[in-house]
Amino acid sequence: MESRYSPKTIEPYWQKLWQDKAIFKQYARPKKFYVLDMFPYPSGLGLHVGHPKGYIATDVVARAKQLQGFGVLHPMGWDAFGLPAEQFALKHKVHPSRAVENNIATYKRQLDAIGFTYDWDREINTTDPRYYRWTQWIFLQMFEKGLAYESDEPINWCPSCQTGLANEDLDDGACERCGTIVEQKPMRQWVLRMTAYADRLLEGLDRKELEWSEEIKAQQRHWIGRSEGAEIDFKIDGSDKVITVFTTRPDTLFGATYCVLAPENKLIDELKGSVANWSEVESYREEVKSRTEIERTAEGHEKTGVRLEEVSAINPANDEKLPVFVADYVLGHYGTGAVMAVPAHDERDFAFARKFNLPIRDVISRIYILKDENKEKDGLETLHRRVVDPIIRDKEGNFYLIKESEDHVHFAGGGIDEGENEIQALSREIIEETGFTDFTIGDRLYPQISCWGYRHTKNKNQRSVGPAYEIILNSNTRIHSEVEDGRHELLKIKKEDVLKTITWEHHQYLFERYLGGQNAYIEEGVLIDSGEFTGLSSEEAKKKITDFVKGRWVTKYRLKDWVFSRQRYWGEPIPIIHCEHCGAVPVPEKDLPVKLPEVESYAPTGTGESPLADIPEWVNTPCPKCGGAGKRETNTMPQWAGSCWYYLRFIDPMNEKSLVGGGAEAEWMPVDLYVGGAEHATRHLLYARFWHKFLFDIKAVSTDEPFKRLVHVGLINASDGRKMSKRWGNVVNPDDIIRDFGADAFRLYELFMGPFTQNIAWNTEGLVGTRRFLDKAWSVRSHVSEEKDVTDAAHLEALLHKTIGKVTEDIDAFRFNTAISSLMILANAMSKEPRVSKSCYETFVLLLSPFAPHIAEELWRTLGHGESVFLAVWPAYDNSKVLEESVVMTISINGKMRDLMTVPQDISEEDLGAQALIREKIRPFLEGKTVKKIIIVPGRIVNIVI
RNA sequence: GCCGCUGUGGUGGAACUGGUAGACACGCACGACUCAAAAUCGUGUGCCGCAAGGCAUGUCGGUUCGAUUCCGACCAGCGGUACCA
């Protein structure tokens with residue numbers, strides 16, 4: 001054995017041996033474990049130190065699992081179609097296939113230097129025709145089932161990248177690659193009906209066996225954006241046309257005071273003849289069209305719109321005629337592109353109504369149920385009462401008037417009597433209760449509030465509901481009132497103290513909303529002023545009102561179908577032939593793959609057509625159905641297509657009969673552990689789940705969720721906190737780190753830096769720590785006794801077993817940083833011992849081996865083993881060896897640590913308490929105090945309460 | 001705005017089901033070795049204080065004998081999403 005640890009010599013040696021001897025192809029074992037990385041997109045820049053973090057983690061797990069007796073599948077491949085590769089090729093004037101080849105070679109060399117267990121016999125490359133043959137095959141299956149279809153809807157078009165994009169490819173309305181703001185461009189495109197799987201994609205997330213972080217699940221749920229609601233028809237007055245609106249709140253239908261159509265809504269064109277101000281409407285629509293999504297949102301949600309003069313919609317609930325507007329706050333692509341506006345209960349409608357001076361009618365009130373003794377009593381008559389409350393302030397708003405009665409403090413409101421309206425009742429109540437007569441009635445506040453409870457003065461249940469108004473006192477003119485009789489007290493309270501002073505909860509709420517300014521009440525509650533539905537809860541009313549107006553209960557999604565064609569060269573050709581007679585005809589399976597033709601120029605055409613369209617000898621081909629003249633589809637698939645199913649191909653990469661053989665598929669699926677960046681939450685992971693569920697439906701796979709456990713890796717940023725990028729000149733190359741510190745120190749450091757899922761800044765200085773640790777682990781080898789009967793000190797043995805437990809658990813839980821720290825503690829302890837037993841050191845080497853495989857293999861062999869350490873067996877944990885005879889206990893006074901005491905493991909509680917009290921450090925604290933209680937937590941703490 | 005996550009020494013971070021806050025590591029200081037330096041080894045290192053002791057886990061409250069951990073309100077940062085009816 002070398003006396004000095006030299007990673008440069010041992011690392012390439014063992015890497016070669018592991019490959020040559022196929023150490024990591026123990027596939028025949030009875031238990032399987034499929035561990036997968038999100039395969040890289042090989043860019044021209046090569047790897048930086050941030051990239052391998054996830055790969056190192058899966059490698060640690062793969063090695064540990066093999067030691068624990070599993071047959072482990074741990075493959076690697078390349079995702080290489082798509083714009084980045086094509087743009088790199090254009091810039092460097094090489095063919096994309098050449099560029100990809102070179103980039104892969106660089107990546108592979110860099111990865112191999114880190115020492116991974118990949119089975120390169122299973123390497124796949126999405127741009128290889130033998131691979132994309134099956135990507136095309138899956139597309140054809142979708143086409144057969146009607147899940148792939150052509151559409152002419154406007155799509156997101158990036159004028160700089162010259163291609164259409166899916167919704168998922170946008171970043172704040174801009175192309176996520178180049179930052180150019182996208183346009184809406186109508187063009188023919190292929191679309192995958194992902195919405196058909198929306199519910200199943202949601203459902204799958206709720207499965208118990210799916211071990212995914214809440215974060216990613218929440219992101220996917222949000223992206224799918226399922227909402228249930230009603231489609232309700234509003235007839236157009238004097239016409240047979242209807243406006244169909246979508247609403248999640250049919251319970252607010254009686255509060256609708258107008259309708260809004262999205263500018264894109266085709267119904268507007270149909271109404272052209274009856275719109276009096278057509279030119280105004282038309283110019284508004286033009287204006288909206290010219291503004292991008294970004295501009296629309298940048299305006300701070302300021303509402304704009306135009307009324308369709310002389311058009312009215314009829315509210316099917318009460319036959320009221322409502323004005324109709326066109327406004328861009330209603331989106332054309334969601335729901336039905338039309339809404340009923342209920343300003344009292346929707347923020348956007350509220351803002352629009354205020355701006356355009358439209359009526360606001362509240363039909364939902366918040367319920368307050370009085371507490372305890374004031375709860376409604378069964379079997380009593382229930383009174384329904386309309387009330388109104390004044391919020392009375394002086395001119396300056398310095399103080400507010402509140403009434404104190406019996407044991408409550410509240411606003412001085414009261415009931416509305418027969419024949420009175422709100423304003424009359426309000427005026428009367430103010431004068432009666434406060435005596436003030438010179439006041440102005442201000443804003444009516446939202447919402448009305450219902451207060452339900454038992455009134456013992458009447459021995460009845462009472463449900464009162466009503467609005468509040470702001471009242472401004474103009475002068476001190478007063479007359480005789482209840483206050484003067486001494487029955488009540490009138491309090492003058494400063495604004496900031498009002499909330500504290502009021503005792504009725506519903507009046508507190510009222511005042512809070514008053515302070516918050518006028519806004520819509522968007523929560524659910526109980527219906528008011530809603531005809532026969534008055535008094536129902538929102539929940540009850542939703543379906544009843546929908547039925548009443550013959551509406552349909554429907555489900556809508558935010559998720560859209562996946563725009564699947566790109567007008568670029570470097571992608572999988574879509575295997576379709578267009579024929580004048582037969583339409584879109586699938587390429588027969590026997591003719592797959594449709595190979596991407598070799599071309600001189602693959603730059604985008606600038607016409608919105610794929611460069612493939614310029615190659616007549618490729619495009620022109622007979623129709624497979626009728627034999628007539630046909631033309632190949634010239635659009636290609638998006639970058640994400642190949643990654644939708646690659647994990648299946650790893651299982652059976654050479655199969656020429658099917659994408660994956662059934663037996664092998666059933667043997668290895670699902671993927672037990674999948675590790676990759678969180679940035680793929682709504683694209684790759686959603687797309688792949690969609691394809692997988694489809695493959696499950698056509699019985700190509702046996703599971704309907706592909707990835708059992710998903711862990712997302714935290715990013716490594718540059719030391720300046722920014723992303724590592726050529727642009728900032730802050731990129732650190734793993735080659736340099738491996739040259740200076742060795743691959744093992746590099747692997748350890750990547751995982752030791754911090755919690756695995758957390759983002760963190762790179763710091764090369766930290767590497768000396770993990771390197772020193774390896775040096776120490778190496779030097780301890782010279783303490784190892786060659787004699788058989790040497791036993792370790794008791795504390796070392798206990799520590800060893802603690803470490804076995806800790807490392808085993810931590811690897812499972814992805815707590816690599818603390819696993820490594822516990823290995824450091826063990827190494828430090830061994831280095832202090834003059835003699836360490838061989839078995840102790842061997843166990844240490846085994847525990848270290850997943851993290852630092854090269855040094856572990858080298859040390860293992862010097863201990864006299866002829867076979868690889870990775871064919872050995874993971875050490876077993878013995879709990880009985882962890883317990884020591886004596887234990888250190890904390891003595892604290894009132895929870896504060898004061899002293900430590902070493903006692904035997906089996907000491908009785910009485911002895912413990914007694915001994916604690918007479919400790920030298922403790923006694924001074926007890927002087928002149930009484931000991932109230934002594935709390936003992938065995939093995940941990942004695943707490944003296946004084 | 002909404003959803004999710006995170007706030008602990010000079011730095012990265014640790015703390016199991018509420019029980020010694022700061023493990024492990026970096027850095028720094030001092031010492032040993034050396035002609036010297038690097039490397040290595042040893043000792044120390046939350047803050048204030050000579051000390052006894054006090055103060056400390058984003059802020060303010062609460063529960064508890066005892067809170068980084070549980071509860072409530074707030075503040076800050078990161079990520080996702082945003083006029084989705």
Side-chain angles (χ1 to χ4, degrees), chain A residues 172-173 213-223 225-227 229-230 245-250 252 260 262 293 296-297 299-303 327-331 333-342 345-349 351-352 522 556-560 678-679 681-682 712 714-715 748-749 752-755 757-770 772-773 775-776 779 805-806 809 815 817-825 827-828 831 888-900 924 932-946:
Chain A
D172 255 345
S213 73
E214 219 25 68
E215 188 186 342
I216 304 248
K217 286 197 277 190
Q219 272 188 50
Q220 291 213 349
R221 283 193 194 105
H222 191 165
W223 194 264
R226 179 193 156 102
S227 67
V245 305
F246 173 68
T247 177
T248 56
R249 295 294 302 275
T252 64
V260 190
E293 195 102 355
R296 272 166 69 167
T297 39
E299 285 155 21
H301 296 193
E302 181 67 27
K303 298 283 180 289
D328 70 353
Y329 82 91
V330 173
L331 305 176
H333 57 74
Y334 184 77
T336 58
V339 303
M340 64 177 201
V342 185
H345 304 295
D346 182 276
E347 279 168 8
R348 297 147 300 180
D349 298 341
F352 190 84
I522 58 169
K556 300 278 181 196
Y557 303 92
R558 203 193 83 112
L559 181 79
K560 289 204 265 178
E679 69 274 16
T682 51
H712 85 252
L715 293 175
L748 280 167
Y749 183 63
F752 183 63
M753 288 173 80
T757 58
Q758 189 176 297
N759 294 353
I760 201 159
W762 177 261
N763 176 16
T764 301
E765 281 183 16
L767 267 144
V768 303
T770 51
R772 278 179 196 154
F773 162 62
D775 284 329
K776 187 174 282 183
S779 68
K806 179 84 181 143
E809 276 171 29
R815 289 188 300 251
N817 55 333
T818 52
I820 293 166
S821 137
S822 68
L823 286 168
M824 287 173 169
I825 293 169
N828 290 344
S831 74
V888 179
M889 288 192 65
T890 309
I891 307 171
S892 61
I893 296 171
N894 288 348
K896 194 151 207 145
M897 202 274 276
R898 296 295 175 186
D899 197 9
L900 294 175
K932 282 192 197 155
K933 215 192 317 183
I934 296 179
I935 291 163
I936 290 170
V937 182
R940 286 199 188 274
I941 198 166
V942 181
N943 189 24
I944 303 162
V945 186
I946 55 172

Taking the [atom1] atom of each, how far is [N] from [M], in whole Å?
N	M	atom1	result
B/U69	B/U63	P	15 Å
B/A21	B/G54	P	13 Å
B/A76	B/C60	C1'	15 Å
B/G53	B/C70	C1'	31 Å

Classify the nucleic acid contact of [X] as base, sugar-phosphate or nothing, counting any heavy atom under 4.0 Å across all strands shown.
X	result
A/Leu900	base
A/Pro755	sugar-phosphate
A/Ser227	sugar-phosphate
A/Ile934	nothing
A/Asp349	nothing
A/Asn828	sugar-phosphate
A/Phe773	nothing

### Query
Over how many whole Å does the gap from A/Asn817 atom CG to B/C26 atom P extend?
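My rounded result for the distance is 15 Å.
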
#### Entry: Rounded distance in Å - CE (A/Met753) to P (B/G12)
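To the nearest whole Å, that distance equals 11 Å.
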
### Task
Mind checking which stems touch RNA chain B? I mean at least 3 consecutive Watson-Crick or G-U pairs, both distances under 3.5 Å.
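B:1-7 with B:75-81, B:10-12 with B:24-26, B:27-32 with B:40-45, B:46-48 with B:53-55, B:58-62 with B:70-74 - these are the stems of 3 or more pairs that involve RNA chain B.
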
Pick out the pairs of N or O atoms, protein on one side and nucleotides 15-17 of chain B on the other, that lie under 3.5 Å.
residue	atom	partner	partner atom	Å
B/C16	N3	A/Arg940	NH2	2.9
B/C16	N4	A/Arg940	NH1	3.0
B/C16	N4	A/Arg940	NH2	3.4

### Task
Would you tell me if any nitrogen or oxygen in the side chain of A/Tyr334 comes within less than 4.0 Å of OP1 or OP2 on B/A85?
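Looking at the OP1 and OP2 atoms of B/A85, one of them is under 4.0 Å from a side-chain N or O of A/Tyr334.
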
### NZ or CZ of A/Lys556 within 45° of A/Phe246 ring axis and under 6.0 Å
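Judged by the rule (NZ or CZ under 6.0 Å from the ring centre, within 45° of its axis), A/Lys556 counts as positioned above A/Phe246.
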
### Message
Return a single string for nucleotides 49-57 of chain B, one symbol per nucleotide in 5' to 3' order, where B is base contact, S is sugar-phosphate-only contact and - is none, cutoff 4.0 angstrom on heavy atoms.
### Response
----SSS--

### Task
Encode nucleotides 27-32 of chain B as B, S and - characters from 5' to 3', where the letter depends on protein heavy atoms closer than 4.0 Å: B to the base, S only to sugar-phosphate, - to neither.
S-----

Pairwise N/O distances under 3.5 Å, protein to nucleotides 61-65 of chain B:
residue	atom	partner	partner atom	Å
B/C65	O2	A/Asn943	ND2	2.2

Enumerate the protein-to-nucleotides 1-10 of chain B contacts in which both atoms are nitrogen or oxygen and the separation is below 3.5 Å.
none

